[in-house]
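Following: one structure in structure tokens, then a few remarks.
Because the structure is a prediction, the values reported are computed rather than measured. Every chain is numbered from 1 and lettered A, B, ... according to where its sequence line falls, protein lines coming before strand lines.
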Protein chains: 2
Amino acid sequence: MTNPLSHSLRSDARDNRERILAVARTTFAAQGLDVAMREIARRAEVGPATLYRHFPTKEALVTEAFREQMTACTAVVDEGLADPDPWRGFCLVVEAVCEMQALDRGFTAAFASAFPRAIDFAADRERALGKAAELVRRAKAAGGLRADFVLDDLIMVLMANGGIRTTSPDDAVTAARRFAALLIQGMRADRAGPPLLPPVRPHRRRS
Amino acid sequence: MTNPLSHSLRSDARDNRERILAVARTTFAAQGLDVAMREIARRAEVGPATLYRHFPTKEALVTEAFREQMTACTAVVDEGLADPDPWRGFCLVVEAVCEMQALDRGFTAAFASAFPRAIDFAADRERALGKAAELVRRAKAAGGLRADFVLDDLIMVLMANGGIRTTSPDDAVTAARRFAALLIQGMRADRAGPPLLPPVRPHRRRS
DNA sequence: ACGCTAACGGAACACCCCGTCCGTATAACT
DNA sequence: AGTTATACGGACGGGGTGTTCCGTTAGCGT
């Protein structure tokens with residue numbers, strides 16, 4: 001019902017799978033991707049073999065665990081695109097994504113491809129980036145976003161936001177909001193100040 | 001001469017020590033702190049035991065390797081304080097430190113205490129932060145920096161800047177400059193836009 | 001030149017990681 | 001209830017890390 005892949009699985013197997021995914025999501029969110037597979041298995045009250053039977057590799061588990069987060073992210077971008085005021089839509093997206101990153105350390109790492117090599121988010125990632133590019137274009141056309149802003153700047157900002165570490169989740173989201181607010185002021189077209197230096201393309205795997 | 005600790009050391013030991021430190025500095029700068037001790041020993045053409053005889057633990061090596069970077073950092077803050085225009089001094093410091101972080105990944109991690117637990121930079125770190133607080137105070141008094149800016153915002157910005165990863169060092173410094181320029185525009189007092197949310201204190205080890 | 005001690009470095013230790021094998025238990029179907 | 005295939009989990013292998021032991025080398029003072 002809830003999961004299209006849940007057919008043809010024995011009941012205990014399906015339960016275990018969901019329990020593993022739930023544990024993986026919360027643990028990755030709280031501690032980042034540097035969590036041992038054994039630890040996730042232990043918290044899910046499952047043997048390591050069971051974990052690996054459901055997800056053949058750690059990368060597979062991470063990919064599956066953050067699939068919904070990824071769609072939520074693109075949904076946010078769509079929401080921003082739907083806003084009648086492009087600049088406001090842009091600001092909302094920046095704030096929302098920063099907050100999402102603050103609430104989920106693992107998502108930050110997964111999105112930035114901090115994991116060994118290009119997860120497989122490639123597809124969703126590129127799609128979201130395409131929409132974000134459109135958002136940037138409109139925000140600039142509307143006169144809200146400074147003209148020398150480029151899509152890669154947005155990626156850079158998100159990467160930077162991911163670097164903020166705090167003690168508690170509450171502090172994390174407050175800091176992210178404050179960070180986003182500061183940045184957004186710097187992105188405004190009016191009183192943009194001296195022109196920015198030439199933009200740089202942040203690193204992208206799969207050269 | 002150059003090093004006050006170099007007395008009472010045999011010639012080969014002194015050579016090895018300096019070679020190890022040189023290798024550690026360049027390697028940490030290029031690849032961050034996640035470098036195996038064996039790797040540093042190998043590059044310095046030294047056995048692991050020699051490395052550990054000079055630096056009893058990895059933390060000790062890191063601390064010693066970044067001591068001069070730390071003093072360079074405080075020197076930058078002093079330079080900013082010496083500037084007749086507090087706002088310009090503040091901007092210069094932000095730009096310079098961001099650039100330093102871009103050029104040295106290890107320093108970023110060491111400064112942010114990303115290493116296991118509180119290195120020992122505590123003293124220098126607190127001293128530098130004290131001077132930075134004075135810099136912030138003056139920049140606000142001069143009317144250049146927005147009034148709701150706090151010292152912790154500066155720490156947050158530096159932490160964020162450390163999160164930016166690029167492929168080449170050239171890209172890193174370009175990105176850092178661009179990032180700093182964007183942020184500085186958001187920090188300006190004129191046209192500050194809506195007030196920021198309540199500030200948050202970023203995490204500090206040694207509770 | 002000699003001897004003594006400081007310094008060296010390869011091998012080994014203890015720990016943790018990801019991923020796998022195989023004998024056992026249990027859900028599902030008759 | 002009996003049977004069977006599916007799923008389970010403890011134990012294992014291979015590789016990596018920080019750190020230490022100990023037999024050997026080599027600088028330095030005489």
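- Of all nucleotides in DNA chain C having an atom under 4.0 Å from a heavy atom of chain A, the first and last in 5' to 3' order are C:dC17 to C:dA28.
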Please write out the pairs of protein N or O atoms and N or O atoms of nucleotides 2-6 of chain D separated by less than 3.5 Å, giving the distance to one decimal.
from  : atom 1 : to      : atom 2 : distance (Å)
D:dT6 : O2     : A:Arg10 : NH1    : 2.2

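- Taking atom CD1 of A:Ile20 as the reference point, atom C1' of D:dC8 lies 11 Å away to the nearest angstrom.
- Ring orientation note: the planes of B:Phe149 and B:Phe90 are nearly perpendicular, at an angle over 60° on the 30°/60° scale.
- When the nearest nucleotides of DNA chain C are assigned to B:Asp12 and A:Thr57 by heavy-atom distance, the more 5′-ward of the two goes with B:Asp12.
- With rounding to whole Å, A:Ile40 atom CD1 is found 17 Å from D:dG9 atom C1'.
- With hydrogens and angles left out, the side chain of B:Arg38 and the base of D:dG16 share no donor-acceptor pair within 3.5 Å.
- The side-chain contact (heavy atoms from CB on, under 4.5 Å) check on B:Ala160 picks up A:Ala160, A:Ile164, A:Phe179, B:Phe179, with sequence neighbours excluded.
- Nucleotide D:dC22 holds its C1' atom 11 Å from the CZ atom of B:Arg53, rounded to whole Å.
- The CZ-P distance, from B:Arg42 to D:dG16, rounds to 13 Å in whole Å.
- A:Pro86 pairs by the side-chain contact (heavy atoms from CB on, under 4.5 Å) definition with A:Arg138, A:Ala142, not counting sequence neighbours.
- Crowding of B:Glu45 atom CD: a count of heavy atoms from other residues, nucleotides or ligands under 6.0 Å not exceeding 12.
- The side-chain heavy atoms of B:Leu33 and B:Arg105, taken from C-beta on, include no pair separated by under 4.5 Å.
- Contact annotation: the side chain of B:Ile40 approaches that of B:Val35 to within less than 4.5 Å [non-hydrogen atoms, C-beta and beyond].
- A salt bridge links B:Arg137 to B:Glu134: one of the charged nitrogens lies within less than 4.0 Å of a carboxylate oxygen.
- The distance between atom CE of B:Met37 and atom P of D:dT20, rounded to the nearest whole Å, is 10 Å.
- By the 6.0 Å contact criterion, CD on A:Glu39 is enclosed, its count of non-hydrogen atoms from other residues, nucleotides or ligands being greater than 12.
- Note on the helix from C:dA1-D:dT30 to C:dT30-D:dA1: angle between the axes of the first and last five pairs equals 10°, rounded to 10 degrees.
- Remark: side-chain polar atoms of B:Lys140 are not paired, donor with acceptor, to backbone N or O of B:Val150 under 3.5 angstrom.
- Here B:Asp15 contributes atom CG and B:Glu18 contributes atom CD; the two are 6.5 Å apart, rounded to the nearest 0.5 Å.
- A straight line from NZ of B:Lys58 to P of D:dG18 spans 4 Å, rounded to a whole angstrom.
- Remark: A:Arg177 engages A:Glu99 in a salt bridge, criterion side-chain N to carboxylate O under 4.0 Å.
- Residues from residues 44-52 of chain A that place a heavy atom under 4.0 Å from any atom of DNA chain C, listed by number: A:Ala49, A:Tyr52.
- We find the CD-CG distance between B:Glu95 and B:Asn161 to be 11.5 Å, quoted to the nearest 0.5 Å.
- When the nearest nucleotides of DNA chain D are assigned to B:Pro56 and B:Ser11 by heavy-atom distance, the more 5′-ward of the two goes with B:Pro56.
- At most 12 non-hydrogen atoms from other residues, nucleotides or ligands lie less than 6.0 angstrom from CD of B:Glu79.
- In this structure, the side chains of B:Asp104 and B:Phe66 come closer than 4.5 Å at one or more pairs of heavy atoms.
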